[in-house]
Amino acid sequence: MNSASLQGSWLRTGHGVIVALVVTGERAGLFTSDGTVCGGTAPGGAGPIRLTCAHGSDERGTGTIGEVNSRTLKVRWSGTAGEETYGRAAGGTLPPGLPTAAGPGRHP
């Protein structure tokens, strides 16, 4: 896998929740519409995505990249989220209203 292909903003929805995974360089952030905020690393082809979440959630702690192309990213998370498929965010932007470290719907 080319680590450049992992770069960008990825989205998925399921069970009424939006999940956004953002990869910039070797840094990764994950935000959900129900308030989860996580940060960590995404070393591209060199290893898994590793996240630590603000409220101790372990749903998506470590993720192994299954497939990545210009439109789709598949990640198998070691936590309860299991395997998830994300789509590349249109225009590289995320939907409004995702939580930040300041809390759901708040902007630092």
Side-chain angles (χ1 to χ4, degrees):
M1 172 188 59
N2 177 338
S3 63
S5 61
L6 183 59
Q7 302 296 303
S9 301
W10 302 90
L11 298 173
R12 77 173 306 279
T13 58
H15 307 289
V17 177
I18 300 167
V19 180
L21 175 63
V22 181
V23 179
T24 303
E26 291 196 359
R27 302 294 303 159
L30 185 133
F31 312 89
T32 70
S33 59
D34 65 356
T36 300
V37 177
C38 309
T41 59
I49 297 171
R50 296 186 189 279
L51 300 173
T52 301
C53 300
H55 297 293
S57 171
D58 62 356
E59 265 188 299
R60 297 174 182 91
T62 301
T64 303
I65 306 301
E67 177 184 336
V68 63
N69 60 46
S70 64
R71 295 181 300 166
T72 305
L73 168 64
K74 291 185 179 181
V75 181
R76 176 167 295 283
W77 297 103
S78 60
T80 57
E83 185 171 290
E84 294 183 317
T85 300
Y86 296 80
R88 190 174 293 276
T93 61
L94 297 174
L98 290 173
T100 66
R106 297 184 193 145
H107 300 282

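Residues: numbered from 1 along the sequence shown.
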Salt bridge (Lys or Arg N to Asp or Glu O under 4.0 Å) involving Glu84 - partner list, sequence neighbours excluded: Arg12, Arg60

Under the side chain to side chain donor-acceptor pair (under 3.5 Å) test, residues paired with Arg27 that sit two or more places apart: none

Any residue meeting side-chain contact (heavy atoms from CB on, under 4.5 Å) with Arg50, in chain and number order, not counting sequence neighbours: Thr41, Pro48, Thr62

Close side-chain approach of Thr13 to Val19, heavy-atom, < 4.5 Å: no

Chi angles and distances behind the side chain to side chain contact (heavy atoms under 4.5 Å, CB included) call for Trp10, Val75: CA-CA 11 Å; Trp10 302 90; Val75 181; over 6 Å; no

side-chain contact (heavy atoms from CB on, under 4.5 Å) against Cys38, all qualifying residues, sequence neighbours excluded: Leu30, Thr36, Leu51, Cys53

Side-chain polar contacts of residues 64-71 - donor-acceptor pairs under 3.5 angstrom, sequence neighbours left out - could you list them?
residue	atom	partner	partner atom	Å
Glu67	OE2	Asn69	ND2	3.4
Asn69	OD1	Arg71	N	2.8
Asn69	OD1	Thr72	N	2.8

Contact check, side chains of Ile18 and Thr32, non-hydrogen atoms, under 4.5 Å: no

Residue pairs fulfilling disulfide (SG to SG under 2.5 Å) with at least one residue in residues 55-88, sequence neighbours excluded: none

Gly16 versus Ser33, closest heavy-atom pair with distance: O-OG, 4.2 Å

Note, Leu21 side chain near Phe31 side chain (heavy atom, < 4.5 Å): no

4.5 Å side-chain heavy-atom contact, Ile49 and Trp77: yes

